[in-house]
Structures are given as C-alpha cells and as structure tokens.
J.: 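Take this structure first; my questions come after.
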Amino acid sequence: MQFREIVWQSDEYQQACELRNTILRRPLGMNLLQEDLSGETEYLHFGMFESDRLVAYVLAVPLKTGRAKLRQMAVSGECQGQGIGRRLIESVEDCLVQQGVQVVELDARREAVGFYEKLGYVSQGDEFISVTIPHQRMTKVIAAD
C-alpha cells in the first residue's frame, strides 16, 4: 500500500472522484460527478494506492494560518476495516505538519465519529445535519505552536 499526493484533474483525481461518488454520494441519492468541483484546485488531495488503484482518499482544505479541514474521506468497500483509512489520516497529518498546520478539523458522519476518536479527534459542539445526514464537528491538535 502506497500513500501519495494526488494532482487535481489527473487520472488519479478522476479515480478519487469515482470513489467519492460510490462511497459518499450515491448512497444518499446524489451524484458528485454532476457537481462543480473547480474549487478543488486549491485543495490538497491524498490517497492510498494498491499498485495503481486508488483504495482510499481524503482532501485537505487549507484554512487560516495553521489550520486545515479534512473532507470527503472515502475507503473502497472491500478495503474497509483493514486499517487503510487510519494509515491515510496519519500520513496526511504528517504532510500537513510539514506545511505548518497545527490543528485539523473535520465534519464526521455520525457512524465515523468512533473512527476519528481513536485517532485523537475530539468532538466540538452539537451534532448537525449536512448532505441530509447527521455529522459531528471534530478537531485535533497535530503540532504544538
């Protein structure tokens, strides 16, 4: 399994869009491929690859100085429960620390809160609805000042 950054609009990015659509959007009756993704050019895209096949993906949105937000975490169905998502998040956090990020935030789907808690993320505020389902804002300090 190999971790690497994904270039926006590359073939690997297209794989990421397909994975996100399959895992995150289709089950909600939505289609990511019909959305305007042009704003994602400013984001950092990361994946775990088995040979040349993307099996896990997450993007990081740079926020104000020292902060970033993780979004669109997806692990292919046949690879879930194997620690690949954990390895992806840990690798992304390492990359973000090198870029000066100190705090990571994310909005976890209710069923994923336990996954993020095991990685050291802490719930912030009340649960809320996003893309028709319950989410929880979570944060983690990944580097000291």
Side-chain angles (χ1 to χ4, degrees), residues 1-50 53-77 79-80 83-145:
M1 202 66 55
Q2 182 186 24
F3 168 78
R4 59 183 181 254
E5 191 165 346
I6 296 171
V7 176
W8 186 71
Q9 292 292 57
S10 66
D11 289 341
E12 292 174 340
Y13 177 79
Q14 296 308 316
Q15 284 187 59
C17 290
E18 289 291 339
L19 179 65
R20 291 159 60 190
N21 200 41
T22 299
I23 300 298
L24 302 174
R25 290 295 196 253
R26 278 193 206 135
L28 302 177
M30 304 168 90
N31 187 344
L32 178 80
L33 305 179
Q34 294 176 343
E35 297 177 24
D36 177 11
L37 301 177
S38 61
E40 292 191 358
T41 185
E42 302 298 320
Y43 302 163
L44 304 170
H45 305 269
F46 302 97
M48 294 295 291
F49 291 83
E50 193 171 73
R53 185 175 77 94
L54 178 72
V55 297
Y57 169 85
V58 70
L59 67 83
V61 180
L63 301 174
K64 61 184 177 183
T65 304
R67 296 182 75 90
K69 182 172 186 174
L70 298 184
R71 298 189 61 233
Q72 299 286 301
M73 173 74 175
V75 178
S76 64
C79 292
Q80 292 178 10
I84 296 168
R86 175 187 50 77
R87 288 174 48 201
L88 174 59
I89 295 296
E90 290 170 348
S91 297
V92 168
E93 289 173 355
D94 290 344
C95 283
L96 293 175
V97 166
Q98 292 174 15
Q99 295 181 28
V101 173
Q102 297 168 320
V103 178
V104 175
E105 65 182 59
L106 54 87
D107 296 337
R109 291 181 177 200
R110 179 188 284 163
E111 63 271 12
V113 168
F115 167 79
Y116 291 110
E117 286 175 338
K118 289 177 188 173
L119 291 169
Y121 287 80
V122 178
S123 294
Q124 305 291 322
D126 296 327
E127 192 174 81
F128 60 95
I129 302 297
S130 179
V131 291
T132 74
I133 57 174
H135 282 72
Q136 177 66 54
R137 169 94 12 102
M138 303 184 82
T139 61
K140 179 180 179 182
V141 175
I142 60 172
D145 285 334

J.: Minimum heavy-atom separation for Ala68 and Leu63, please, with both atom names.
T.: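 Heavy atoms only, the tightest pair is C-CD1, 3.9 Å.
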J.: Can you name the salt bridge (Lys or Arg N to Asp or Glu O under 4.0 Å) partners of Asp107, sequence neighbours left out?
T.: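 Here the qualifying residues are Lys69, Arg137.
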J.: Residues in salt bridge (Lys or Arg N to Asp or Glu O under 4.0 Å) with Arg86, at least two apart?
T.: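 Testing Arg86 for salt bridge (Lys or Arg N to Asp or Glu O under 4.0 Å), a comparison that skips the adjacent residues, returns Glu90.
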J.: Minimum heavy-atom separation for Ala108 to Val113, with atom names?
T.: CB-CG2, 4.2 Å
J.: Tell me which pairs pass salt bridge (charged side-chain N to carboxylate O under 4.0 Å, His left out) where either residue lies in residues 111-129, with sequence neighbours left out.
T.: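 Of all non-adjacent pairs touching residues 111-129, those that pass salt bridge (charged side-chain N to carboxylate O under 4.0 Å, His left out) are Arg110-Glu127.
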J.: What are the two closest heavy atoms between Gly47 and Leu54, and how far apart are they?
T.: CA-CD1, 3.6 Å
J.: How many angstroms lie between CG in Leu19 and CG in Leu32, if you round to the nearest 0.5 Å?
T.: 10.5 Å
J.: Taking ring-ring contact (aromatic ring centres under 6.0 Å, His included) as the definition, give me every residue that meets it alongside Phe49, ordered by chain and number, with sequence neighbours left out.
T.: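 With neighbours one apart ignored, the set is empty.
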J.: Is the shortest side-chain heavy-atom distance between Glu105 and Gln124 below 4.5 Å?
T.: no
J.: Under a 3.5 Å distance rule, please check whether Gln102 uses its side chain to pair with a backbone N or O of Arg67 as donor and acceptor.
T.: no
J.: Once you round to the nearest 0.5 Å, how far does CZ of Phe3 lie from CD1 of Ile84?
T.: 14.0 Å
J.: If you take all heavy atoms of Ser123 and Met138, which pair is closest and at what distance?
T.: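 Taking Ser123 first and Met138 second, the nearest heavy atoms are OG-CE, 3.9 Å.
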J.: Find the distance between CD1 (Ile89) and CG (Leu106) and round it off to the nearest 0.5 Å.
T.: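 Ile89 atom CD1 to Leu106 atom CG measures 7.0 Å (nearest 0.5 Å).
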J.: Nearest 0.5 Å, what's the CD-OG distance between Gln2 and Ser91?
T.: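 Answer rounded to 0.5 Å: 10.5 Å.
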J.: Can you see which heavy atom on Val141 is nearest to which on Val103, and at what distance?
T.: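 The answer is CG2-CG2, 4.2 Å.
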J.: Roughly how far, to the nearest 0.5 Å, is CE of Met1 from SG of Cys79?
T.: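 With rounding to 0.5 Å, SG (Cys79) is 5.5 Å from CE (Met1).
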J.: Identify the heavy atoms of Ala56 and Val75 that sit nearest to each other, and give their distance.
T.: CB-CG2, 3.9 Å
J.: Can you find a pair of side-chain heavy atoms, one from Gln14 and one from Gln9, that are under 4.5 Å apart?
T.: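 With C-beta onward as the side chain, the pair touches.
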J.: Give a yes or no on this: more than 12 heavy atoms of other residues, nucleotides or ligands lie within 6.0 Å of atom CG of Asp11.
T.: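 No.
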J.: Measuring only between side-chain heavy atoms, which start at C-beta, is Leu88 closer than 4.5 Å to Met73?
T.: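 Leu88 reaches Met73 side chain to side chain.
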J.: Quick check: do Val131 and Arg25 have side-chain heavy atoms less than 4.5 Å from each other?
T.: yes
J.: State, with a plain yes or no, whether a side-chain heavy atom of Phe46 is found less than 4.5 Å away from one of Cys95.
T.: yes
J.: Check whether any side-chain heavy atom of Leu70 sits under 4.5 Å from a side-chain heavy atom of Tyr121, and report yes or no.
T.: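 Heavy-atom side-chain distance check passes, below 4.5 Å.
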J.: Within the distance-only criterion (no hydrogens, no angle test), does the side chain of Arg109 pair as donor or acceptor with the backbone N or O of Leu24 below 3.5 angstrom?
T.: yes
J.: Give the intermediate values and the outcome of side-chain contact (heavy atoms from CB on, under 4.5 Å) for residues Leu96 and Leu44.
T.: CA-CA 10 Å; Leu96 293 175; Leu44 304 170; 3.9 Å; yes
J.: Scan for side chain to side chain donor-acceptor pair (under 3.5 Å) pairs involving residues 40-49, sequence neighbours excluded, and state none if there are none.
T.: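 Counting only pairs at least two positions apart or across chains, the side chain to side chain donor-acceptor pair (under 3.5 Å) contacts touching residues 40-49 are Tyr13-Glu40, Arg20-Glu40, His45-Tyr57.
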J.: Restricting to salt bridge (Lys or Arg N to Asp or Glu O under 4.0 Å), what partner residues turn up for Glu50, sequence neighbours left out?
T.: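 If we apply the salt bridge (Lys or Arg N to Asp or Glu O under 4.0 Å) test to Glu50, skipping adjacent residues, the hits are Arg53.
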